[in-house]
Structures are given as C-alpha cells and as structure tokens.
2 protein chains.
Amino acid sequence: METLDTVPDEDFLRLDHQICFSLHAATRAFNGVYREALKELGLTYPQYLVMLVLWEHGELPVKGIGERLRLDSGTLSPLLKRLEAAGYVERRRSPEDERSVTVRPTGAGTALKEKALGVPRRIAAATGLPLEDIRDLRERLDALAVRLDGVDPDALGSCT
Amino acid sequence: METLDTVPDEDFLRLDHQICFSLHAATRAFNGVYREALKELGLTYPQYLVMLVLWEHGELPVKGIGERLRLDSGTLSPLLKRLEAAGYVERRRSPEDERSVTVRPTGAGTALKEKALGVPRRIAAATGLPLEDIRDLRERLDALAVRLDGVDPDALGSCT
DNA sequence: CACGATTCAGTTGTGCACAACTCAATCGCG
DNA sequence: CGCGATTGAGTTGTGCACAACTGAATCGTG
C-alpha cells in the first residue's frame, strides 16, 4: 500500500503534488469570482464575510466577528473603519465594557442584504458542482482547517 | 432530490453553508502551518512556491513563473527582488529578448533545496490525512479552480 | 481596596494579491 | 522598411493577513 513513507522526498517537493498550491490557487480563483459578483455591492470579499455575520447576528463586538471569521483586530479594525466610511456599519463602544466595540449594520447595511441574497447562489452555480459535492468539499476543508489549527508548532521545526 | 434550486436564498446566505469561507479558513490555516515550517528557511509561503518552480526548472523568465503560479508581475517583481536581496536568486535581462528577465537560483538558493526537502512531508503529516485523500482533495480543488477561472464575468452580475 | 495579570481594540510594519498604469523591446502587417 | 499593436517587467495604490506592540478597561486575588 502507498503511504506517506513510501514516497520519496523529491516527489513531495514537486509542485504539482502539493495540496497547498491547489488550495492557494482555488482560493484565488474564488476570490476573483467573488470580486466580480460583489462589485455591484461595493464590497470586497472579506468585507462581505463581515456583513454576512452581522446579518446573521444583528450586532457583534469586534471580538465576536473575529472569532467567527478567525481574523484578529489588526485585520478587522481597518476593515471595519472602511465599512463604516461606506455607511454600512456603525461602531460604538459598549457601555457595559468600555474596552469592547459593538458593530452593527446601519439601514444601508441591512438593505444591502437584499442585493446580496443572490450572490452565493450564483457562485455555487459558477462552480458547476452539485450541492452535495460542495457540501462534501466544505466538510473536508473544515476538518483540515481544524487539524492544521491544532498542530503543535514544534512538530514543524527541523526534523530532529 | 436536493438541487441548487430547492434551497432558499437565506440558507445560501448563511455563513456556515458557504464553501468559500471554508476555503478561506483552510488556506489561512495552511499558511500558518507553512509559515512555521518555513521559518528556518527564511522564506514566506509564496517565496517558497517560487523556489519550488525554480528548483524544478533550473531557470525561468518572470513570465514563466507567473504562468505556473498564476501570479502577475505586480506580485512577482517585488517578491523576486526580496528573494534576490536574500541571495537566493539572480535576475538577468535575457540577451535574446531584452524585455524578458531570467530568474535562476544562486548557489545558496540551490542549497536551500536540501533543507526544504522535509517540509512538504511534515505538512502532509500535519494534515493527518492519508496520501490518497490528499490527492483526491487536490484534484477536486484543481478542477474547481479551472472551472472558476473559466467563468464568464457577465454571468455573475445582477440576476438579469 | 490595591495592584498585577488579562482582555480588547487599535496601530505599525512587512508581505502578498491585484487592478491600472508606464515604458521599453519586439512583432507583424502594409 | 516603418509604424501601430502587442508583450514583458516594473511601479503605484488599495486592501487583506498577521506579528508585535500600545494603551485603556476590567478582572482576580490577596
């Protein structure tokens, strides 16, 4: 049987054997398609993700958004500032905890949801995959991400 | 049977139904793992991809690297400049075509390959997936990227 | 209550992705 | 041959990702 151990290093190093490259390429291909689809909404893809969680939850602290999207404040702070400048969200320091900032969609931000409704369907159609396959792929990717997030950094250093 | 058409818009809009998010998250998880593994080589992940194609091909014009990695000169030019500053590659205008710049690994760049040999294996091990599954996932992602790259931009505009 | 530890948002700096552009070299057609 | 179109690398500007850091608010334990 073919296992990790029976494949020579050289083969592992060849670009076309590496899943990471495919993942990278697929992500950028998706980004390109989303860029096109989101153009009419005036949103970038990460901004769209933020609006998605806000539409679902009504309002969230920055931290809550970050947990759901696995993004830190260094990424979210400027992104939210741009969304605020575009008039789609409001930011307010929480009265209960002055450290926290609550983000919620404005009227315009909520209205945007109607225009966004068709987007994921069109993307799904663009993949040309049946819903079942999309789900299956999604589950594999999620499982992969969970595994990779849990990897011990020391295990990746040199082969000691 | 459940098809694209029998699922309501709302469900499509829910974050946890969307493959793009999973892809995004998986890519960032991978990047994190690679960042760790590549730290000892002093390479970022995209720089590592460039070195991979150079190790395979010996030398390539900037355009050739871009074709293999689907990156344009706007991304590659500064990246290659950094690789050159690090002493891993050389850039020379091609004598046959003065527009073209040939990139090839220096001695240090070639030597780096030995240190890199173990990296993809450690990454593969970190995924915890059997080789067969990794390959299967890779093929699906490649097929997806090809489809998405071929999408007609007009098909993504508003639902007209 | 006091004070060190923690939490949260934000800033800074580096690097990647990509659109739009510049400019020189080359190509190709009349 | 001459000249407009194309090609290839590079630059500029915008936005995201993330590490490292700041500073204020809050928490927890003595």
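Keep in mind that what you see is a predicted model, and the values were worked out from it rather than measured. Just so we're on the same page: letters track the sequence lines, and every chain starts at 1.
- Other residues, nucleotides and ligands contribute over 12 non-hydrogen atoms within 6.0 Å of the CZ atom of Arg91(B).
- Taking for each of Glu98(B) and Gly74(B) the nucleotide of DNA chain C with the nearest heavy atom, the 5'-most of the two is the partner of Gly74(B).
- Taking only side-chain nitrogens and oxygens, Arg93(B) never comes nearer than 4.0 Å to OP1 or OP2 of dA9(D).
- Relative to the side chain of Pro46(B), the nucleotides dA17(C), dA25(D), dG8(D) differ in distance, and dA17(C) lies closest.
- Under 4.0 angstrom from either OP1 or OP2 of dG10(C) there lies at least one side-chain N or O belonging to Arg91(A).
- Annotation for Arg140(A): atom CZ counts as buried by contact number, over 12 foreign heavy atoms lying within 6.0 Å.
- Both Gln47(A) and Glu96(A) lie close to DNA chain D; mapped to their nearest nucleotides by heavy-atom distance, the more 5′-ward contact belongs to Gln47(A).
- A residue-by-residue look at Pro95(A) and Thr44(A) shows that Thr44(A) has its nearest nucleotide of DNA chain D further toward the 5' end.
- Side-chain atoms of Ser73(A) and base atoms of dG10(C) include a donor and an acceptor less than 3.5 Å apart.
- The side chain of Asp72(B) has dC18(C) as its nearest neighbour among dA24(C), dC18(C), dG10(D).
- In the set dA25(C), dA25(D), dC18(C), dA25(C) carries the atom at the smallest distance from any side-chain atom of Arg99(B).
- Asn31(A) comes within 4.0 angstrom of nothing in the nucleic acid, heavy atoms only.
- Spacing between atom CG of Leu49(A) and atom P of dG15(D) amounts to 17 Å, rounded to whole angstrom units.
- Rounding to the nearest 0.5 angstrom, the gap separating the CH2 atom in Trp55(B) from the OH atom in Tyr48(B) is 6.5 Å.
- The interatomic distance linking Leu69(A) (CG) with dC18(D) (C1') rounds to 15 Å, in whole Å.
- In this entry the distance linking CG of Leu71(A) with C1' of dC8(C) reads 16 Å, nearest Å.
- Atom CZ in Arg28(B) sits about 15 Å away from atom P in dA17(C), given to the nearest Å.
- Taking atom CG of Asp97(B) as the reference point, atom C1' of dA24(C) lies 11 Å away to the nearest angstrom.
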**OP:** Would you please test Leu60(B) and Arg68(B) for side-chain contact (heavy atoms from CB on, under 4.5 Å) and show each step?
**Re:** CA-CA 10 Å; Leu60(B) 279 173; Arg68(B) 281 165 183 81; 3.8 Å; yes
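- Comparing dC18(C), dT26(D), dA9(D) by their closest approach to the side chain of Val101(B) singles out dA9(D).
- At the heavy-atom level, Leu76(A) lies nowhere under 4.0 Å from the strands shown.
- In this structure, OH of Tyr48(B) is placed 20 Å from P of dG15(C), rounded to the nearest angstrom.
- A tilted orientation is assigned to the rings of Tyr34(A) and Tyr45(A), their planes being inclined by 30° to 60°.
- Between Ser100(B) and dA9(D), a side-chain N or O to OP1/OP2 separation shorter than 4.0 Å is present.
- For the pair Lys81(B) and dA9(D), the criterion of a side-chain N or O lying under 4.0 Å from OP1 or OP2 is not met.
- Under a 4.0 Å N-O distance rule, the pair Glu67(A)/Lys63(A) qualifies as a salt bridge.
- Atom NZ of Lys63(B) is separated from atom C1' of dT26(C) by 14 Å (rounded to the nearest Å).
- Atom CG in Leu23(A) sits about 13 Å away from atom P in dA17(C), given to the nearest Å.
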